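Below is one structure; the comments refer to it alone.
None of the values given here were measured: they were computed from a predicted structure.
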Amino acid sequence: QVQLVESGGGLVQPGGSLRLSCVASTGSRFHIYPMYWYRQAPGKQREFVAGIGSDNRTDYAESVKGRFTISRDNAKSAVYLRMNMLRPEDTAVYFCYQLGGAWGQGTQVTVSS
């Protein structure tokens, strides 16, 4: 079973930027699967943030469109989320997800002055 490990979270001021990384333990089939980022704030439901297909087509939640960019590097079995112009409402635990049911453990992003 594939394992996903997220990193790159932390504390950032409003208007700042962060880049999240997610690395899969098995890379031989990584390029086949669509990859996604979700997030969950305290007391709220986990929500879709961004997705990227095997063909590199992307999709974004309306709330992050124009600010966040998802990308992948199949040679490194990695998916990234570049977050610009961060807002306090972006504060959440961010999870990497591989189509088929594999979730990472999450990385905390806190946007505060």
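In this structure a side-chain-to-backbone donor-acceptor pair under 3.5 Å is present from Tyr60 to Ile70. Here the side chain of Thr91 pairs a donor or acceptor atom with the backbone of Val111 at under 3.5 angstrom. Listed for the Gln40 side chain is no donor-acceptor partner under 3.5 Å among the backbone atoms of Ala92.
One hydrophobic cluster, built from ILVMFWY side chains closer than 4.5 Å, holds both Val12 and Val49. In the hydrophobic clustering of this structure, Val23 does not group with Tyr38; members are Ile, Leu, Val, Met, Phe, Trp, Tyr whose side-chain heavy atoms approach within less than 4.5 Å, directly or through other members. No continuous path of ILVMFWY side-chain contacts below 4.5 Å connects Val64 to Tyr36, so the two sit in separate hydrophobic clusters. Cluster annotation: Trp37 is not connected to Val93 through the hydrophobic network of ILVMFWY side chains, with a link wherever side-chain heavy atoms come within less than 4.5 Å.
Under the rule for a side chain to side chain donor-acceptor pair (under 3.5 Å), the partners of Gln108 that lie at least two apart in sequence or sit in another chain are Thr110. Judged as a side chain to side chain contact (heavy atoms under 4.5 Å, CB included), and not counting sequence neighbours, the contacts of Asp59 are Phe48. With sequence neighbours excluded, the residues satisfying side chain to side chain contact (heavy atoms under 4.5 Å, CB included) with Ile32 are Arg29.
Closest non-hydrogen pair, Ala24 versus Val2, comes out as CB-CG2, 3.9 Å. Between Pro14 and Ser113 the shortest heavy-atom distance is CD-N, 3.7 Å. Arg39 and Asp90 get closest at one heavy-atom pair: NH1-OD1, 2.9 Å.
Every pair passing disulfide bond (SG atoms under 2.5 Å apart) that includes a residue from residues 77-113 is listed here, sequence neighbours excluded: Cys22-Cys96. Residue pairs meeting the side-chain hydrogen bond (donor to acceptor under 3.5 Å, both in side chains) criterion with at least one partner in residues 18-27, sequence neighbours excluded, do not occur; the list is empty.
The environment of Gln105 atom CD is sparse: at most 12 non-hydrogen atoms of other residues, nucleotides or ligands sit within 6.0 angstrom.
From Leu4, atom CG reaches atom OH of Tyr97 across 10.5 Å, with rounding to the nearest 0.5 Å. Taking CG from Leu20 and CZ from Phe68, the interatomic distance works out to 8.0 Å, rounded to the nearest 0.5 Å. Between the CG atom in Asn74 and the CZ atom in Phe30 there is a gap of 6.0 Å [rounded to 0.5 Å].
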Hey, can you pull the donor-acceptor pairs under 3.5 Å for the side chains in residues 76-87, sequence neighbours left out?
unit_1 : atom_1 : unit_2 : atom_2 : d
Arg82  : NE     : Asn84  : OD1    : 3.4
Asn84  : OD1    : Ser17  : OG     : 2.8

